Amino acid sequence: MSRTCRLNCIIPPHLLHKLLESEDSEVRQTALDTLLATSRLRGERAVRASFAGAAAPGNGRRTIFDCRKGRFLPFAVLAQSEEGPASADESVKRAFDGLGTTRDFYGEVFQRHSLDGRGMRLDGYVHFDANYNNAFWDGRQMVFGDGDGRIFTDFTRSIDVIAHELTHGVTEFTARLAYHNQPGALNESISDVFGTLVKQWSLRQSAETADWLIGAEVFTPSIDADALRSLKAPGQAYDNALLGKDPQPDHMSGFLNLPDTERGDNGGVHLNSGIPNKAFYLTAMRIGGFAWEAPGLIWYESLKASSIETTFQDFADTTYQKAEELYRAGSAEQLAVLAAWQEVGIQISGVPAGVARARSLAATRNGAVGREDGLTALAQQIGALTAQVSGLAKDVTALKEK
């Protein structure tokens, strides 16, 4: 199966495998059923991928189908379309609205016409299987499980989950990041970044007021967990006896070298994504305001400039370059990008560590990087170097006179 044609699920395998260790037989059985159903779907996706053609055109029109607890998508019935009446089913309505919000976000913010940029139709399927604890994008459509009602709720409840999965489609039509190791973790991070940006955009939240959580609505009230992931604080989204502690690192020093297998999460794609996630959060907070504006544009243009095996270092360098192209060299936006990647343990190529540290000091009290402060810091550094050179010149002259 192609590394670029994956079944992208919102619930990472390590969480489902953790649930297999539960003392509750029902929890174990539901986790096993979800893993088996997902594995079967991956096989079907591999077969379909071999016959895949161009994306179906349709001016971004939405259609929602009801699987009625079934697993075979062709048997699903039409539930709501652009032309028909609104459904009374809350899951159908949420899926329909979520697909529309995501489509409108890409259209209005980045002038992108649906996922493929050419009006690809958006199909969604709700009530998939019984107690299915997942939601996924399979390269053609979005599919939602209802959850088991004990640990997970209906996955249509979370707009950032919907946007996360649909963004996998955007990635497929742009960089086509391979779904393993660093490119795969970057793939997941891109979906988290734009998933939260869609939520922030729909709620008109600034970087400072947003919660920066992915899937805050997917756990039932009985589960002590904030969300599936946190861009603000990777590794702190949950910590309880059932799920364990959130294993995401937020710095390269904690990078997880896992097997490139399904059990190893394809090299930890849902885990190591915490590192670029934190870099985006830090960039957005330093710039301030609406994160979908300058930070989002820099990341979007960097995604389009990336390729199948782009690494964290490659992407960091690209964001720094794009910040310069979009906002000029030494701008507040570029300094924010530089400082953010440095804080997660990635130095921008060609920028000496000392210079990067000096520029990183140019931060205002609310965390945003100011252009004037950045220029001041740089001027101070140049002034100090000039003084050193002048002092050395005097010492050389004195030695010659002796």
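Computed from heavy atoms alone, side chains included, the values below leave out hydrogens, waters and symmetry copies. Here the structure is a predicted model, which is why all the values come from computation and not from measurement.
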Have a look at Cys67 and tell me which of Leu73, Val126, Asp129 forms a side chain to side chain contact (heavy atoms under 4.5 Å, CB included) with it.
Leu73
Less than 4.0 angstrom from a charged side-chain N to a carboxylate O is my criterion; do Arg229 and Asp192 meet it?
yes
Return yes if some donor-acceptor pair links the side-chain N/O of Asp89 with the main-chain N/O of Val92 below 3.5 Å, else return no.
yes
Salt bridge check: are Lys69 and Asp146 linked by an N-O gap of less than 4.0 Å?
yes
Tell me, with the steps shown, if Thr174 and Thr171 meet side-chain hydrogen bond (donor to acceptor under 3.5 Å, both in side chains).
CA-CA 5 Å; Thr174 51; Thr171 298; 4.9 Å; no
Do Trp137 and Ile162 touch side chain to side chain, with heavy atoms closer than 4.5 Å?
no
When you compare the side chain of Val170 with that of Leu303, does any pair of heavy atoms fall below 4.5 Å?
yes
The criterion is side-chain contact (heavy atoms from CB on, under 4.5 Å); which residues satisfy it with Pro247, sequence neighbours excluded?
His14, Tyr238, Leu271
Can you tell me how far CD of Glu165 sits from OG1 of Thr102, rounded to the nearest 0.5 angstrom?
11.0 Å
Separation between CE (Met252) and CD (Gln347), nearest 0.5 Å, reads 12.0 Å
Atom pair CD1 (Ile287) and CD (Gln334), whose distance is rounded to the nearest 0.5 Å:
10.5 Å
Can you confirm whether more than 12 heavy atoms, excluding those of Lys322, are under 6.0 Å from its NZ atom?
yes
Between Asp148 and Val27, is there a side-chain heavy-atom distance shorter than 4.5 Å?
no
So, for Phe152 and Phe219, is the gap between ring centers shorter than 6.0 Å?
yes
Compare all side-chain heavy atoms of Thr34 with those of Thr38 and state whether any distance is below 4.5 angstrom.
yes
To the nearest 0.5 Å, what is the distance between CH2 (Trp292) and NZ (Lys199)?
13.0 Å
Indicate whether the side chain of Gln321 and that of Asp317 have a donor and an acceptor atom separated by less than 3.5 Å.
no
Between Ser189 and Asn277, does a side-chain hydrogen bond (donor to acceptor under 3.5 Å, both in side chains) hold up when you go through it step by step?
CA-CA 6 Å; Ser189 175; Asn277 276 1; 2.7 Å; yes
Could you give me the CA-CA distance, side-chain angles and deciding distance for Phe110 and Tyr300, then say whether ring-ring contact (aromatic ring centres under 6.0 Å, His included) is met?
CA-CA 8 Å; Phe110 302 123; Tyr300 177 67; 4.4 Å; yes
Is a donor on one side and an acceptor on the other found under 3.5 Å between the side chain of Asp160 and the backbone of Gly215?
yes
Using 0.5 Å steps for rounding, measure from the OG atom of Ser273 to the CZ atom of Phe312.
7.5 Å
Distance to the ring centre below 6.0 angstrom and angle to the axis at most 45 degrees; does that hold for Arg204 and Phe290?
yes
Judged by atom type as modelled, is there a donor-acceptor pair below 3.5 Å linking the side chain of Asp116 to the main-chain atoms of Gly119?
yes
Output yes when Arg62 and Asp123 qualify as a salt bridge under the 4.0 Å nitrogen-oxygen rule, no when they do not.
no
Checking ring-ring contact (aromatic ring centres under 6.0 Å, His included) against Trp299, which of Tyr281, Phe280, Phe194 comes through?
Phe280
Would you say that Asp97 contacts Arg94 through its side chain, given a criterion of any heavy-atom pair below 4.5 Å between the two side chains?
no
Using only heavy-atom distances, determine whether the side chains of Gln29 and Asp33 contain a donor-acceptor pair under 3.5 Å.
yes
Is the Trp341-Tyr320 ring centre distance short of 6.0 angstrom?
no
Arg28 vs Glu23, salt bridge (Lys or Arg N to Asp or Glu O under 4.0 Å): CA-CA, chis, key distance, verdict:
CA-CA 8 Å; Arg28 292 198 307 272; Glu23 296 180 358; over 6 Å; no
Please check if the side chain of Asp246 supplies one atom and the backbone of Ala237 the other of a donor-acceptor pair under 3.5 Å.
yes
With under 30° as parallel and over 60° as perpendicular, where do the rings of Trp201 and Phe105 fit, or are they tilted in between?
perpendicular
Could you tell me the separation between the CD atom of Glu90 and the CG atom of Asp154, rounded to the nearest 0.5 Å?
10.0 Å
Check Lys278 with Asp250, please: is the shortest side-chain N to carboxylate O separation under 4.0 Å?
yes
I'd like to know if Glu343 and Arg286 make a salt bridge, using a cut-off of under 4.0 Å between side-chain N and carboxylate O.
yes
What pairs with Leu326 under side-chain contact (heavy atoms from CB on, under 4.5 Å), at least two apart in sequence or on another chain?
Leu297, Ile298, Glu301
Working note: His164 + Glu188, criterion side-chain hydrogen bond (donor to acceptor under 3.5 Å, both in side chains); need CA distance, chi angles, decisive distance, verdict.
CA-CA 8 Å; His164 169 106; Glu188 280 297 325; 3.1 Å; yes
Tell me which one of Phe72, Phe128, Tyr125, Phe144 satisfies ring-ring contact (aromatic ring centres under 6.0 Å, His included) with Phe65.
Tyr125
